[in-house]
There are 2 protein chains.
Amino acid sequence: MTAERRVTAQEIALDALRDDILTGVLGPGDQVVQETLADRYGVSRVPLREALKMLESEGQVVYHPNRGYFVAELSVRDLEEVYRLRKLLEAEAIRVAVPQLVDADVDALADLRADIDAAAAAGDVMAMTAANRRFHFALFDAAGMPRLSRLLRQLWEATDAYRALYFQSADNRERVEGEHAAMEAALRARDARALVRLHDEHRDHSVRAVRALLGEGAP
Amino acid sequence: MTAERRVTAQEIALDALRDDILTGVLGPGDQVVQETLADRYGVSRVPLREALKMLESEGQVVYHPNRGYFVAELSVRDLEEVYRLRKLLEAEAIRVAVPQLVDADVDALADLRADIDAAAAAGDVMAMTAANRRFHFALFDAAGMPRLSRLLRQLWEATDAYRALYFQSADNRERVEGEHAAMEAALRARDARALVRLHDEHRDHSVRAVRALLGEGAP
DNA sequence: CACCCGCAGATTGTATCCAATCCCCCCCCA
DNA sequence: TGGGGGGGGATTGGATACAATCTGCGGGTG
């Protein structure tokens, strides 16, 4: 099912929208002007609107009938809620996944972690955020709970617009590198409890940074 | 925002689709033939497809490019996952909500509970499932965590196609009535721990019943 | 007899077109 | 001066039309 080839314009539009939101081309609060974007993506408005409906039900955009779609803005309150839910659900994913990991899984995770560091070294923030996501979700997906993965993806995407900013600070990138190394050690030790704790700290750092970003952004 | 009047065809289509899935007019595994349904709902295929995209990202239908949309089928494994996630998230909602409840909230919840019993007494299964949902979500929503509410709604909707069947048994209806009464008592006592436990038992009963339904359904 | 090619009907995917709605600015009037 | 219409342009909402794709079936072929 996941192996279905994608050629539809809706998929193109969905990917392009996600990318524009992630990279800040579409910033929080911006209206999504359908004709403009459809032209830019080389599709018509119908598949673009279908893509927007998916983003709407994920909470990445909000819809006002007859007025259009707007990139969702996160309040500090929203942000806290997202991270609180992530804490709950990621802990569950980790507790389920860790006992099932075989050595090959751990090695694969190590490779993914290396990708993050490589992207960081190359100074490619976009590649780094993408690799970062692959690393974390490889672990979450290992729980074998597809709905849980889906919910987590939604929660991560809700803060996509802010995550790229987070990684632009060299300080943050460095700290993340260290945290990921610690995670890998816990993985090798199959220490779920430690891994959960490391994730909690990891999130605490990033929520603090993003909260600061929100603080400036909102007058 | 929630107060926006809805007149768009997409909303009509979305409601109609949800209803058809809930009532079993569209059963698990059925293909959603767009033209047929669009005609039945009195809309064109464009807004119908937008509604389908929302259901897709909620997991109520699955999409195969160039083949169409199909009502999602739940495996026993899916079912267990949905209930496991509900357990986790509902416990969180309850723990947050209960300390914030004022007497008026509890009275409102009692009224909603009365609605369920009234519908049950009238033998109106559809009204009962609707009232049941209002009762539970009034509590969850009281946590003041809109994203949590949204995730819970998605999880509930994933089993909508099976919930109606559950309530068709008089045994189940009777047990649920007793469980709800116990919940109300715990609410009045502001006893979150007891309320969480009652919800866990409540879910255990229904997951068992739905699992039995799935067992027959899948040869 | 199994296989595969290809056609016809059905269904989906998307572009285009037009109607409905909204937003904003300007004008009018008290 | 302030408030209340009321266009007009911009934008969205939706229906239709057509192209692309899939599915099922029949016939030919090894």
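The chains referred to below are lettered A, B, ... by the order of the sequence lines, with proteins before strands, and numbering in each begins at 1. Below, each value reflects all heavy atoms present in this structure, side chains not excepted, and no hydrogens, waters or symmetry copies.
Residue B/R67 places none of its side-chain N or O atoms closer than 4.0 Å to OP1 or OP2 of C/dT11. Residue B/Q34 has no polar side-chain atom (N or O) positioned under 4.0 Å from OP1 or OP2 of C/dA10. Note on A/Y69: every side-chain N or O is 4.0 Å or more away from OP1 and OP2 of D/dG13.
For B/I12 and D/dG13, the CD1 to C1' distance is 12 Å, given to the nearest whole Å. The distance between atom NE2 of A/H64 and atom P of C/dC22, rounded to the nearest whole Å, is 13 Å. Rounded to whole angstrom, the span from the CG atom of B/D30 across to the C1' atom of C/dT11 amounts to 16 Å. Nucleotide C/dC22 holds its P atom 12 Å from the CZ atom of A/F70, rounded to whole Å. The nearest whole Å value for the distance from the CG atom in A/L37 to the C1' atom in C/dA15 is 17 Å. Spacing between atom CD of A/E56 and atom P of D/dG13 amounts to 10 Å, rounded to whole angstrom units. We find that CD of A/E35 is positioned 12 Å from P of C/dA15, with the value rounded to whole Å.
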Residues A/D15, A/Y41; criterion side-chain hydrogen bond (donor to acceptor under 3.5 Å, both in side chains); working and verdict: CA-CA 10 Å; A/D15 287 352; A/Y41 301 159; over 6 Å; no
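If you take CG on A/D105 and CD on A/Q100, they are separated by 9.0 Å, rounding to the nearest 0.5 Å.
Listed by residue number, the members of residues 40-54 of chain B with any heavy atom below 4.0 angstrom from DNA chain C are B/R45, B/R49.
Looking at A/Q60 and A/Y69, their side chains never bring a donor and an acceptor atom within 3.5 Å of each other. Residues B/D78 and B/S75 bring a donor and an acceptor atom of their side chains to less than 3.5 Å of each other. Judged purely by distance below 3.5 Å, without hydrogens or angles, the side chains of A/E58 and A/Q154 never pair a donor atom with an acceptor atom.
Counting non-hydrogen atoms of neighbouring residues, nucleotides and ligands closer than 6.0 angstrom, the CZ atom of A/R40 exceeds 12 such neighbours.
With the nearest nucleotide of DNA chain C identified for both A/N66 and B/Q31, B/Q31 has the one nearer the 5' end.
The cationic atom of B/R86 (NZ for Lys, CZ for Arg) lies less than 6.0 Å from the six-membered ring centre of B/Y83 and within 45° of the ring axis.
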